[in-house]
Amino acid sequence: MPQFTIDGRVMTVPDGATVLDAAQLAEIEIPTLCHLPGRPPETSCFVCLVRVEGIGRFLPACATRVTEGMVVHNASDEVRDARRTAIELLLSDHLGDCVAPCQGVCPAHMDIPKMMELTAKGQFRDAHIVVKQAIPLPAILGRVCPELCEKGCRRAAHDGSLSICMTKRFLADHDLETGDPYLPPMDPASGRSVAVVGAGPAGLSAAYYLRTLGHACVVYDDREAPGGMLRYGTSRDVLPLKVLDDEIALIERMGAVFRSGFRIGEQASVEELQQDCDTVILASGDAKSGGHGYEGVDRGPQGIKVDRRTLMTSRPGVFAAGGALLPLKHAIRALADGRIAAYSASEYMTGVHPGETDPGFSVHVGKLDADTVRPYLRFGSSDSRQTPEGGCSAGFTIAEVQREASRCLQCGCPVASTCSLRAASQEYGAQPLHFSGARREFGYDDSHPDIIFDSGKCTACGICVRIAAEGREELGVGFTGRGFDVRTSVPFSSAMVEGLRDVALACADACPTGALVRKTDL
Ligand code: SF4
Ligand code: SF4
Ligand code: SF4
Ligand code: FES
């Protein structure tokens with residue numbers, strides 16, 4: 001029973017225990033990507049590296065037995081750096097997108113593939129709910145959005161990007177036309193209140209999310225009616241008044257209160273607003289030109305200065321968003337800011353983090369051309385880009401929108417929320433392009449009735465190889481090639497359906513990445 005020290009903690013562990021076993025006993029987290037509990041170590045991933053005093057190199061925790069008096073460092077900066085390097089080496093030979101390119105590019109990070117999937121199936125209400133999670137004014141944005149996401153769409157390399165904006169607009173219009181438009185679930189009243197200054201896109205968005213979190217919210221604006229540049233700076237041909245009013249009315253129905261004829265420094269200062277409520281969100285472009293009333297809120301030539309992550313100003317409890325920060329060309333950016341400011345204000349008031357607005361870590365397949373995009377076309381229909389028969393102002397019909405949505409190649413990764421490689425990448429701040437290599441070849445084997453094999457996402461961890469061997473699969477899976485070029489495949493170039501007859505699901509469940517996935521999880 002050796003006694004050893006890990007991160008300053010003295011422990012006695014069973015004879016033969018590895019550093020990884022010992023850490024698990026002590027509930028100390030060590031990442032692993034090739035470890036199969038209870039089996040001999042594979043030591044192929046090296047993300048479990050630790051520093052053992054007296055040894056001049058890092059050692060893999062999964063393969064290092066604890067000895068008497070050993071001193072192990074698991075959380076030092078150099079250990080974190082070594083693990084990050086191991087992860088980045090794996091990422092340099094990885095072909096996938098954790099987050100679909102369109103979703104990464106969209107300033108509001110809307111889950112576009114999910115919207116497309118549900119729309120293609122005709123589940124318009126559910127698709128609309130996906131939209132509203134990120135974009136509170138989709139009928140409006142569907143008409144004024146610069147379609148940044150479409151510029152990132154993978155299918156553009158083949159026969160034109162998906163009509164993401166027009167699809168979102170269809171869903172929003174369809175919802176408004178039902179006469180029973182969707183209102184998001186709202187938390188019970190929190191007893192907290194927020195003053196939002198500016199009823200343009202950033203302020204409206206902030207109000208929407210504040211109400212979902214149960215906070216009382218008064219939106220002040222100097223103009224007669226809410227909408228900001230959407231009402232006073234947008235052509236009515238582009239954005240009909242009815243669409244604008246209908247979507248703003250939904251935010252009012254959610255309980256936001258609108259007050260017109262208000263200017264900071266005239267009706268009240270920021271300090272006075274703060275006396276009446278718990279937090280303030282400044283979301284009006286006036287901030288840069290307005291004179292007094294902003295005491296304690298640092299401003300620069302562009303607008304209010306903020307912490308880029310939380311959007312809190314130099315005055316505690318006062319946040320800023322949209323045109324108050326800098327001149328914004330696109331309403332979608334203002335909307336995204338409004339959500340961040342609302343979430344930060346909520347966290348400031350309650351101490352509870354309401355959720356992420358950023359989709360998180362992602363590797364990227366990168367830009368594809370007409371040739372390299374071809375293998376991905378299998379994930380979408382062969383229909384060409386749809387044009388509304390009644391013209392753009394009429395929008396899609398039901399048949400058109402379903403055809404358009406079915407073109408989506410579903411570029412995000414189906415295991416993004418459970419992938420161990422992604423989780424480790426996020427935890428260690430890995431940079432996917434730190435070590436850049438040649439793009440790996442795309443390979444997709446869906447011959448098996450229960451699982452798929454997406455070979456570009458395989459890290460050659462060996463877990464499935466061992467499970468197949470233990471399961472006495474006749475062919476099983478094995479490795480070909482050497483070193484960096486080692487690849488997992490079924491012997492004799494056979495398909496997965498031949499290799500994994502009995503243990504396919506066990507392999508998919510144990511695979512640390514999206515290389516082997518149950519078909520039911522796609
Ligand atoms: S397998 Fe993991 S790291 Fe690779 S694309 Fe999927 S989620 Fe991202
Ligand atoms: S094909 Fe679909 S998932 Fe892929 S980038 Fe385009 S819209 Fe996004
Ligand atoms: S396919 Fe097999 S070798 Fe590749 S990552 Fe998954 S479990 Fe590991
Ligand atoms: S080398 Fe230890 S888990 Fe992979």
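Read the numbers this way: they start at 1 and go in the same order the structure lists the ligands and their atoms. Atoms considered below: every heavy atom in the structure, side chains included; atoms not considered: hydrogens, waters and symmetry mates. Predicted model, so just to flag it, every value in this text is computed and none were measured.
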Which of the ligand 3 atoms, numbered from 1, are nearer than 4.0 Å to a heavy atom of Thr488: 3 (S)
Ligand 1 contact on Cys419 by region, counting heavy-atom pairs under 4.0 Å: side chain
Atom 8 (Fe) of ligand 3: the protein heavy-atom neighbour that sits closest, reported with distance to 0.1 Å: Cys461 SG, 2.2 Å
Which of the ligand 3 atoms, numbered from 1, are nearer than 4.0 Å to a heavy atom of Gly462: 3 (S), 8 (Fe)
Under 4.0 Å to a heavy atom of Cys458 - the qualifying atoms of ligand 3, by number: 1 (S), 3 (S), 4 (Fe), 5 (S)
For Ala416, the ligand 1 atoms whose distance to one of its heavy atoms is below 4.0 Å: 7 (S)
Aromatic plane relationship, Phe442 with Tyr376 - under 30° parallel, 30 to 60° tilted, over 60° perpendicular: tilted
Heavy-atom donor-acceptor pair, Lys151 side chain to Pro146 backbone, under 3.5 Å: yes
Those atoms of ligand 1 less than 4.0 Å from some heavy atom in Val363: 5 (S), 8 (Fe)
Region of Thr459 engaging ligand 3 - heavy atom pairs below 4.0 Å: both
Face-on cation placement of Arg339 at Tyr209 ring, 6.0 Å and 45° thresholds: yes
Protein contact to atom 2 (Fe) of ligand 3 [nearest heavy atom, distance to 0.1 Å]: Cys464 SG, 2.3 Å
Protein heavy-atom partner closest to atom 6 (Fe) of ligand 1 - residue, atom, separation in Å: Cys413 SG, 2.4 Å
Cation-aromatic face contact Arg80/Tyr428, 6.0 Å, 45 degrees: yes
Pro113 neighbourhood, listing ligand 2 atoms whose heavy-atom distance to it stays under 4.0 Å: 3 (S)
Cys102 N/O/S atom closer than 2.8 Å to atom 8 (Fe) of ligand 2: yes
Pi-cation contact, Phe58 with Arg51 (under 6.0 Å, within 45°): yes
Polar side-chain atom of Glu404 near backbone of Gln386 as donor-acceptor pair, under 3.5 Å: yes
Residue pair Leu433 / Glu88, side-chain heavy-atom distance below 4.5 Å: no
Top protein contact for atom 4 (Fe) of ligand 1, by heavy-atom distance: His94 NE2, 2.2 Å
Check ion pair Arg407-Asp159 (N to O, under 4.0 angstrom): yes
Exceeds 12 heavy-atom contacts within 6.0 angstrom, atom CG of Asp369: yes
Flag, side chain of Asp337 to backbone of Ala321, donor-acceptor distance under 3.5 Å: no
Ser76 side chain to His73 backbone, donor-acceptor under 3.5 Å: no
Residue Gly514 vicinity, atoms of ligand 1 by number, heavy atom under 4.0 Å: 1 (S)
Per-atom contacts of ligand 2 with Cys408, taking only distances under 4.0 Å to non-hydrogen atoms: 2 (Fe), 3 (S)
Nearest-contact summary for atom 1 (S) of ligand 2 - protein heavy atom, Å: Leu409 N, 3.2 Å
Identity and separation of the nearest protein heavy atom to atom 5 (S) of ligand 2: Arg154 N, 3.3 Å
Proximal ligand 3 atoms for Leu516, defined as those under 4.0 Å from one of its heavy atoms: 1 (S)
Contacting atoms of ligand 2, where contact means under 4.0 angstrom from a heavy atom of Cys411: 1 (S), 3 (S), 4 (Fe), 5 (S)
Per-atom contacts, ligand 3 versus Ala515 - under 4.0 Å to a heavy atom: 1 (S), 6 (Fe)
Check: Cys106 main-chain N/O paired with His109 side-chain donor or acceptor under 3.5 Å: yes
